[in-house]
Amino acid sequence: MINNNNVYVDDKNNFYVVLNDEDYGYFEIENLKVEGFHFVSDCMTKEDEESLLEEIKTLPIDKQIELLELVEEKARVMKEFSFDLESHQEEFIEWYGYFDQEEFNEWLQEEVIPERLDLDWHDIETVCEYLMQYKKEFLFYELRGYSQGDIAYVWNTDTTLKLKKEYLESVCFDSWINIYTSNEEGDILDNLEDLPGYYISNEGADVYLNEYMKEKYNAWLADYEVTYKQ
């Protein structure tokens with residue numbers, strides 16, 4: 001006998017079909033990227049790096065230098081290779097033949113600091129937490145999955161789009177299902193909702209999904225013989 005694990009029926013003989021949605025998280029992330037969110041779970045793209053560098057440039061120059069020093073300290077850059085303001089002043093004078101503080105600051109901001117930062121995945125937490133201190137419109141989330149090593153960094157510069165951390169973790173790491181209405185012939189009709197945290201397995205029914213369907217729809221798994229009209 002074939003065991004049914006995704007068709008439910010209520011006491012009014014209304015049918016519900018539950019299907020895995022393998023692509024929900026992907027498409028949700030792509031939609032959020034359009035809204036300005038950046039998602040990084042393994043390596044940074046050039047676009048991600050440029051996004052952070054643009055935010056860093058909006059900081060006062062002393063804060064940019066302070067952040068650079070934090071990044072270099074975390075990366076354990078040896079003292080003789082770390083940022084030294086005085087040596088860069090000398091370099092500027094040698095290159096241009098004079099010294100102007102405003103032009104020097106611009107040179108640091110546009111050329112020296114971005115080149116020295118050379119951001120990668122390991123710098124995201126340090127940079128974003130620093131930006132959070134000085135930019136009220138900057139959003140940053142550190143997301144954790146269910147397995148060791150599951151981590152993602154998410155940021156945005158639009159606080160009107162602030163989302164719950166739990167939702168973003170579901171988008172990044174959870175499996176998703178779609179719940180549909182159905183008729184007795186097995187046709188899938190309306191999409192009722194999309195849910196994270198459940199999965200339809202060939203090995204048997206999801207007991208937690210059974211509980212959810214009972215509580216939300218007063219529905220239970222239909223017996224195979226009466227699932228649909230033959």
| task | Could you give me the CA-CA distance, side-chain angles and deciding distance for F173 and V171, then say whether side-chain contact (heavy atoms from CB on, under 4.5 Å) is met? | result | CA-CA 6 Å; F173 301 113; V171 168; over 6 Å; no
| task | Quick one: do C172 and I29 satisfy side-chain contact (heavy atoms from CB on, under 4.5 Å)? Show the steps, please. | result | CA-CA 8 Å; C172 286; I29 287 174; 4.2 Å; yes
| said: Applying side-chain contact (heavy atoms from CB on, under 4.5 Å) to L195 and V18, what does each step give before you reach the verdict? | reply: CA-CA 10 Å; L195 285 176; V18 182; over 6 Å; no
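Ion pair K214/E211 not flagged as a salt bridge, since none of the NZ, NE, NH1 or NH2 atoms sits closer than 4.0 Å to an Asp/Glu carboxylate oxygen.
With hydrogens and angles disregarded, no donor-acceptor distance shorter than 3.5 Å links the side chain of N6 to the backbone of V17. Distance alone, capped at 3.5 Å, places no donor-acceptor pair between the D190 side chain and the L192 backbone. One N or O on the side chain of S182 and one on the backbone of D187 form a donor-acceptor pair closer than 3.5 Å. No side-chain donor-acceptor contact under 3.5 Å links D174 to the backbone of W176. Of the possible donor and acceptor atoms, none in the side chain of E35 sits under 3.5 Å from a partner among the backbone N and O of L161.
Side chains of N156 and Y141: a donor-acceptor N/O pair is absent below 3.5 angstrom, by distance only. Between the side chains of Q101 and N105, a donor-acceptor pair is found at a separation under 3.5 Å. Counting only N and O atoms by type, the side chains of S51 and D48 include no donor and acceptor under 3.5 Å apart. D10 and Y16 form a side-chain donor-acceptor contact under 3.5 Å, judged by distance and modelled atom types alone. Looking only at atom types and distance, the side chain of Y130 has a donor-acceptor partner in the side chain of E66 under 3.5 Å away. With no hydrogens or angles considered, no side-chain donor-acceptor pair links E103 and Y96 at under 3.5 Å.
What you find for L59 and K63 is that their closest heavy atoms are CB-CB, 4.0 Å. Summarising the geometry of D123 relative to L117, their closest heavy-atom pair is OD2-O, 4.3 Å, with the distance given to 0.1 Å.
Distance check, rounded to the nearest 0.5 Å: CD1 of I177 to CG of L209 gives 4.5 Å. How far CD1 of I56 is from CG of L67: 5.0 Å, rounded to the nearest 0.5 Å. Considering CD of E169 and CD of E142, their distance stands at 9.5 Å, rounded to 0.5 Å. To the nearest 0.5 Å, atoms CG (L143) and OH (Y153) are separated by 10.0 Å. Between L52 atom CG and E50 atom CD the span is 10.5 Å, to the nearest 0.5 Å.
More than 12 heavy atoms of other residues, nucleotides or ligands sit less than 6.0 Å from atom CD of E129. Counted within 6.0 Å of CD on E193, heavy atoms from surrounding residues, nucleotides or ligands total more than 12; the atom is thus considered enclosed.
Using a 30° and 60° split on the angle between ring planes, Y212 and Y198 fall in the tilted class, from 30° to 60°. Ring planes of F99 and F92: perpendicular class, angle over 60° (limits at 30 and 60°).
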